[in-house]
Protein chains: 2
Amino acid sequence: MDAITIKDIARALNLSTSTVSRALRDSYEINPETKRLVVEYAERFNYRPNPIALSLKENRSRVIGVVVPQIANNYFSQAINGIDAIAYSRGYQVIIFQSHESYERELLTVQQAVARKVDGLLISLSGGTSDVSHLRDLQERKLPIVLFDRVSKELDSFCVTADNFTGAFAATEHLIQSGRRRIAHLAIPSYISITQERLAGYRAALEKYGVPYDENLIRYSEFSQNDVEPVVNDLLNQSPDAFFAAGDRLALGCLATLKKRGIAIPETVSLIGFTNTPVADLLAPPMSTVEQPALDIGQVAAEQLINLIEGKQKLTQPGMIRMPTRMIVRESSQPVGVSKPV
Amino acid sequence: MDAITIKDIARALNLSTSTVSRALRDSYEINPETKRLVVEYAERFNYRPNPIALSLKENRSRVIGVVVPQIANNYFSQAINGIDAIAYSRGYQVIIFQSHESYERELLTVQQAVARKVDGLLISLSGGTSDVSHLRDLQERKLPIVLFDRVSKELDSFCVTADNFTGAFAATEHLIQSGRRRIAHLAIPSYISITQERLAGYRAALEKYGVPYDENLIRYSEFSQNDVEPVVNDLLNQSPDAFFAAGDRLALGCLATLKKRGIAIPETVSLIGFTNTPVADLLAPPMSTVEQPALDIGQVAAEQLINLIEGKQKLTQPGMIRMPTRMIVRESSQPVGVSKPV
DNA sequence: AACGTTATCGGGAACGTTGCCGAATTTTAA
DNA sequence: TTAAAATTCGGCAACGTTCCCGATAACGTT
């Protein structure tokens, strides 16, 4: 009733399945005339090889699994876009899994992906993931894995991230140079690599300009907007004159909370986000951001992974690729007293 | 080296594969003691049934395919979230495909999905799709299909959309009641169902209030921000006093263009979007929107599809579910002269 | 004339799983 | 005691595909 198989063609043309198979793959040992017959028949009845049968036989699937904390997040959806583009052009399909920032979900989805015989895994660690032994196991079983964005030093794998240190340094430097001294830093959970790197960039900039580091100005927050608000409110008790928010949701949550509290931006506090929203300059006020090249990160990560899969790269060679960020200064971080740009 | 199979267990315990299989599915005709042995061994070596082998055997995959125009779009990523939640809870996995608003890509991805033996298909039509015969073919081959958001009347299938007529009517009525008369309508390509429905709602509201319908105020645009700008500029020649943008990207593109041109919102023109962005009230000015319950739409669509797959619903019974929209009035559509809300 | 080549094709196994059929042993019933 | 029934398991085929190994001709070579 359904799709035509190689068997059907064999039966119809009075051939064996092996002959049909070889004819379709243009084997040299098949009579050109026979080939013609087979190919014509296959086309007429719209034959498509069954990828599932192939997967079972060859123990590979031409599928790469992507595990992200959240699809509904501009950064990740753009990264997925990059992944998808590369995968498509190199003949792979993409299965997307969400970990919902939960370690347990991440474990589960990774297992499912492996069960589905993905040829490789592209992961951005969940916020709840501090232990990466589940990934290490897979790596030891020779499954190609590439981490992107939320990477981990605990794992000797290929990593692709934004240049978090430099980006955070630039953002902090910019805030200092525009006259801010008490710069609050809003970060995602601390054990994630990018948190550390951004914090390091932040501290390095403070140090360069002799601004004292105050632990009370650092806060870690979960990802939903509801989680951000109390943290920002708490930070406000430390009388900061700037906010440096290290993430998409954090920046928007921070902006929302500040507006709700009626705190003037940038007159009272400056704000700069480490984020990826395309609407930054439509916001009120237009939000300064350190932009991450999400699409590029996705592309590079996918390329690395497929190279690993196809053996074009040594499995044992871990590597870290840092993609440059771009700081875009908008109104939300203007120095006080400076007229607004048009 | 890799994952353990039922054969390995059979060999290790000196049983046949069928016995092991039945032991694992808790068949009544297996000795409890044997069962215990098998289950323990399976657990100890972390046995997972091979879904690919199962797919091949049973000609089903417990996977549902989702085809959307774009992942990096708030509406769709939220809908996918809803789909994912339902699929997960009912034991299905989700494979996401992007059509990139291209008919050819849609054809291709749908074929791939079918080749992968998805148990059902959840589709939001691409902007380039006017012919749906590829889907009709699949339907005739008894593949469960549910359309969501961008549906088509040409197809006798289950559809889940927002209540576009009512939403558009409400938006237009609101604009009229706040003193606007020349209301420009920015829509996605015309042959898509939601375009028609929203246009109908728009016209019905005009009619109710005796506002003349002017064809010149209607424009169709592609989806990227670059496409929107010239269309908005063109519309401005018709001296509209309001914009009703029927989509996520359109609304943001419209806002960006108006700001670029220095046109005061809402003093000179009003703006209301039919969209799903969570940052609407952080924009400058906060943007009025007709919100679509994207998550709910995804959930309902997924539920319907799984019901179809599992035969809990007649395949022949087409149906249309309209989810209510919610209009949120913000600053961008305030009547002129009204003081801004706090 | 005997043998090796070449061209062209078929048979069978394997990938992991389930389900049908049957077989062996033990238990139950008449 | 003997047939019937229940219990417990193994063998085999099948899903679609590829690949290894042969098989059969026709042909050319010594």
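Here the structure is a predicted model, which is why all the values come from computation and not from measurement. Chain identifiers are assigned alphabetically (A, B, ...) following the order of the sequence lines, protein sequences preceding nucleic acid strands; residue numbering begins at 1 within each chain.
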Donor-acceptor pair present, E58(A) side chain and dC15(C) base, under 3.5 Å = no
What about R22(A), does its side chain sit under 3.5 Å from the base of dG10(C) through a donor-acceptor pair?
-> yes
Could you check whether [X] gets within reach of a base, just the sugar-phosphate, or nothing at all, counting any heavy atom under 4.0 Å?
X	answer
N14(A)	sugar-phosphate
S55(A)	nothing
I52(B)	nothing
I30(B)	sugar-phosphate

Closest listed nucleotide, where the reference is the side chain of [X] and the choices are [options]:
X	options	answer
S18(B)	dC19(D), dT18(D), dG10(D)	dG10(D)
L54(B)	dC21(C), dT17(D), dT18(C)	dT18(C)
K57(A)	dC9(D), dC15(C), dT18(C)	dC15(C)
A53(A)	dT18(D), dC9(D), dG16(D)	dG16(D)

Would you tell me if any nitrogen or oxygen in the side chain of Y47(A) comes within less than 4.0 Å of OP1 or OP2 on dT17(D)?
-> yes
Say you draw a straight line from CD1 of I95(A) to CD1 of I64(A); how long is it, rounded to the nearest 0.5 Å?
-> 10.0 Å
Could you state the interatomic distance from CE (M320(A)) to OG (S157(A)), rounded to the nearest 0.5 Å?
-> 8.5 Å
Could you check S16(A) against T5(B) and say which one's nearest nucleotide on DNA chain C is further toward the 5' end?
-> S16(A)
Taking the six-membered ring of F97(A), is NZ or CZ of R105(A) closer than 6.0 Å to its centre and within 45° of its axis?
-> no
Minimum side-chain heavy-atom gap Q98(A)-T109(A) below 4.5 Å | no
